[in-house]
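First the structure, in the form of structure tokens, and then the observations on it.
This one's a predicted model, so the numbers in the text were calculated from it and none came from an experiment. Residues take their numbers from the sequence shown, with the count starting at 1.
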Amino acid sequence: MKRLLAAGVIPAVVGGLLAGAVPASASTLNTTGIPGYYTGQTLDWHPCAADELVTLPPGTDISGLECAAYRTPRDWDRANERQDLTIAVSRLKSTGASTASVLTNPGGPGGPGRWFPVTFRGQEKLREHQDVIGIDVRGTGKSTNVTCRNTAGLVNELDPRDRDPRNLNQILANAEHVARSCQHANGELGPLITTYQTIKDYDLLRVLLGREKINWVGYSGGTWLGAHYAQQFPQRTGRFVLDSSTEFTTTWQKSFDRQPVGFERRWRQDFLPWMARYDAKYHFGTGGEEVRQAYERLRYALSRNPINGNGPMQLEYAMIYLLYKKESFPALADLLVKVRAGLENGAPDQAKAEARAAIKGAGDFPDAQDGTFWSTVCGEGRFTGTRESLIRDSQRNLDRGLLLAGGGTLNASVCLFWDKQPRPLPKLDGKGVPPVLIVQSEHDPATPIEGAKKAHAGFANSRMLTVTGEGDHGIYAGGNAAVDKIVDEYLVGGAIPADQSVPGMPLPTP
């Protein structure tokens with residue numbers, strides 16, 4: 001898997017402090033179901049060192065970020081057995097008196113989040129009285145790891161547009177190998193890398209932070225975690241922001257099935273016309289369709305003549321991640337230009353090296369993140385389909401013109417070969433849950449708006465802020481002042497908004 005107030009807003013403020021947010025000792029908190037062995041821990045906060053943070057973007061300022069770790073039950077259904085995992089966390093302290101903790105998650109599932117609070121450094125209103133907390137969820141980052149033995153990249157290798165039965169069968173064989181590798185490597189721990197276990201880790205963290213309730217900002221896969229926590233622990237749920245929302249009211253499979261439409265829309269309606277607008281710089285065409293045809297020719301050439309082993313799928317996976325944010329559009333255009341240069345007859349070695357480096361610059365994840373992703377997605381909820389139906393579905397997507405990611409649904413068939421019984425997902429309907437705020441852009445490629453609307457409709461008392469003329473994946477704290485104002489009024493002030501829309505931000509100038 002890759003954000004106005006109306007009449008009748010309800011400020012949730014008690015005695016001048018955020019409701020339920022006053023730090024307390026574990027003995028006064030709701031610790032139902034958590035053994036004292038775990039609630040008696042103390043978080044040993046210390047300045048984070050760079051090597052304590054995974055997937056830290058180069059040049060990131062980590063000053064002021066504090067790190068700690070705590071023990072959590074390996075299996076919450078057997079919490080008294082004292083078989084522990086380690087969970088790595090971080091804190092960016094509030095700039096004033098701390099009255100609340102806002103837990104954050106960058107998505108995935110499985111994205112390491114210990115580094116993530118630094119992205120909120122400039123959110124002055126949020127930070128005035130709230131500590132921003134980052135977590136490497138179980139399985140990933142500096143928490144106890146799972147693995148796929150570095151096999152996950154196999155699902156990206158072969159081109160599903162090649163409909164030779166031998167190629168299609170090999171794609172499925174690669175997916176099966178990834179599934180077997182993940183499960184065999186992780187043994188009894190793998191089935192415990194689930195949403196069910198993770199949200200209980202969060203609830204223990206709530207106790208260790210001394211909070212009656214927690215607030216939440218989760219992006220993408222983090223919306224799934226936030227919604228599940230809120231449904232399971234409504235009385236411990238403060239203000240929850242679900243940004244770039246999965247269809248968390250259904251299964252992972254059905255939520256991910258929406259991605260081909262989302263990526264193709266982002267590609268055709270946002271990026272291609274943008275690149276055409278700057279034809280004087282990129283020379284790919286003066287109209288969106290002209291640029292697309294130029295790309296198709298480039299893709300075909302790359303399929304016939306890969307650059308140091310990098311073919312169409314390696315290129316397209318890099319492209320997909322550059323579509324998440326409009327600020328990456330120039331980088332995506334530069335990528336296509338470099339690949340074209342590397343494919344020209346007689347291209348010098350330097351051009352080929354630059355093309356190879358550009359392709360490899362996006363879309364690669366740490367092995368533990370891959371292991372956490374597949375363990376979670378395949379290990380919970382029901383996966384339906386057969387080899388034959390998946391081949392038919394990928395062909396149907398290609399026939400519909402979903403060319404960028406549609407055929408790739410076949411590559412992502414790892415869960416078809418997951419041989420352990422998945423844990424059933426609970427029903428998520430939002431009943432009894434305090435109001436949560438969904439923030440969604442119209443052209444989000446990774447979590448398309450159709451799924452977010454379904455989740456909103458199916459989750460009682462949720463609110464939805466739609467960002468029009470926008471396609472970024474991840475909106476809040478991303479530079480849209482109108483979005484930040486509404487989210488802060490909810491997240492900080494407790495004002496519950498009505499469903500409404502605000503305009504997005506303009507596309508960049510290269």
Side-chain angles (χ1 to χ4, degrees), residues 3-6 8-13 18-19 21 92 94-96 99-107 113 116-134 213-227 229-230 237-246 248 325-326 430 433-442 444 447 449 452-453 455-456 459 461-505:
R3 296 88 171 96
L4 280 253
L5 302 181
V9 295
I10 305 170
V13 181
L18 299 175
L92 191 64
S94 63
T95 55
T99 60
S101 296
V102 54
L103 275 60
T104 62
N105 184 278
F116 200 51
V118 299
T119 64
F120 298 89
R121 189 184 299 280
Q123 299 302 113
E124 295 178 359
K125 289 186 178 180
L126 175 66
R127 294 193 57 211
E128 189 174 2
H129 295 295
Q130 300 198 48
D131 297 333
V132 183
I133 306 298
K213 298 181 180 182
I214 54 171
N215 295 333
W216 181 264
V217 178
Y219 299 83
S220 194
T223 66
W224 184 281
L225 282 169
Y229 182 95
T237 295
R239 299 152 194 171
F240 274 42
V241 176
L242 311 179
D243 192 310
S244 306
S245 186
T246 57
F248 52 77
K325 296 280 191 180
K326 58 183 170 290
V433 176
V436 303
L437 177 59
I438 296 171
V439 184
Q440 193 72 25
S441 69
E442 285 187 315
D444 188 317
T447 53
I449 193 168
K453 287 180 175 178
H456 172 42
F459 204 68
N461 211 22
S462 62
R463 307 294 196 269
M464 187 162 171
L465 174 60
T466 303
V467 188
T468 60
E470 179 64 81
D472 275 11
H473 184 68
I475 302 294
Y476 176 62
N480 188 316
V483 169
D484 287 0
K485 181 177 185 294
I486 295 166
V487 174
D488 283 342
E489 286 173 340
Y490 163 73
L491 191 57
V492 178
I496 301 169
D499 289 358
Q500 60 199 275
S501 301
V502 297
M505 302 292 286

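Taking the side chain as every heavy atom from C-beta outward, Q130 and N215 approach each other to under 4.5 Å. Looking only at side-chain heavy atoms (C-beta outward), V217 and F120 come within less than 4.5 Å of each other. Two residues are said to be in side-chain contact when any heavy atoms from C-beta on lie closer than 4.5 Å; L92 and R121 meet this criterion. Contact of the I475 side chain with the Y219 side chain is not registered, since no non-hydrogen atoms from C-beta on lie closer than 4.5 Å. In this structure the side chain of V502 never reaches within 4.5 angstrom of the side chain of K485, judged on heavy atoms. Under the 4.5 Å side-chain criterion, counting only non-hydrogen atoms from C-beta, L491 is in contact with Y476. A 4.5 Å side-chain heavy-atom check between W216 and N105 finds at least one atom pair inside the cut-off. A heavy-atom distance below 4.5 Å is found between the side chains of V433 and F459.
Interatomic distance, CD of E124 versus CG of D488, reported as 10.0 Å (0.5 Å rounding). Note that the CZ atom of F248 and the CG atom of L242 stand 5.5 Å from one another [nearest 0.5 Å]. Atom OG1 of T99 sits about 9.0 Å away from atom CD of E128, to the nearest 0.5 Å. With rounding to the nearest 0.5 Å, the separation of CG in L103 from CZ in F240 is 7.5 Å. To the nearest 0.5 angstrom, R463 atom CZ is 6.0 Å from I496 atom CD1.
Partners of R127 by salt bridge (Lys or Arg N to Asp or Glu O under 4.0 Å), not counting sequence neighbours: none found. Taking E442 as the reference, I449, T466, T468 meet the side chain to side chain contact (heavy atoms under 4.5 Å, CB included) condition, with sequence neighbours excluded. Partners of S94 according to the side chain to side chain contact (heavy atoms under 4.5 Å, CB included) rule, which considers only residues two or more places apart in sequence or in another chain, are S98, D131.
In this structure, G134 and P117 approach most closely via the heavy-atom pair N-CG, 3.4 Å. Across every non-hydrogen atom of P435 and Y490, the tightest pair is O-OH, 2.8 Å. Contact between A452 and I438 at its shortest, heavy atoms only, is O-CD1, 4.4 Å. Between G218 and T223, the closest heavy-atom pair is O-CG2, 3.5 Å.
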Please lay out, stage by stage, how L437 and L465 fare under the test side-chain contact (heavy atoms from CB on, under 4.5 Å).
CA-CA 7 Å; L437 177 59; L465 174 60; 4.3 Å; yes
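Under a 3.5 Å cut-off, the side chain of S501 and the backbone N or O of V467 do not form any donor-acceptor pair. Put simply, the side chain of Q440 never gets that close to the backbone of M464: no donor and acceptor are under 3.5 Å apart. Distance alone, capped at 3.5 Å, is enough to place a donor-acceptor pair between the S441 side chain and the D472 backbone. A donor-acceptor pair is defined here as one N or O able to donate and one able to accept, closer than 3.5 Å; no such pair exists between the side chain of N461 and the backbone of P434.
Remark: K453 NZ is loosely packed, at most 12 non-hydrogen atoms of other residues, nucleotides or ligands lying under 6.0 Å away.
The pair K326-E470 counts as a salt bridge, with a side-chain nitrogen and a carboxylate oxygen less than 4.0 angstrom apart.
Defined by atom type and a distance below 3.5 Å, a donor-acceptor pair is missing between the side-chain atoms of S220 and T447.
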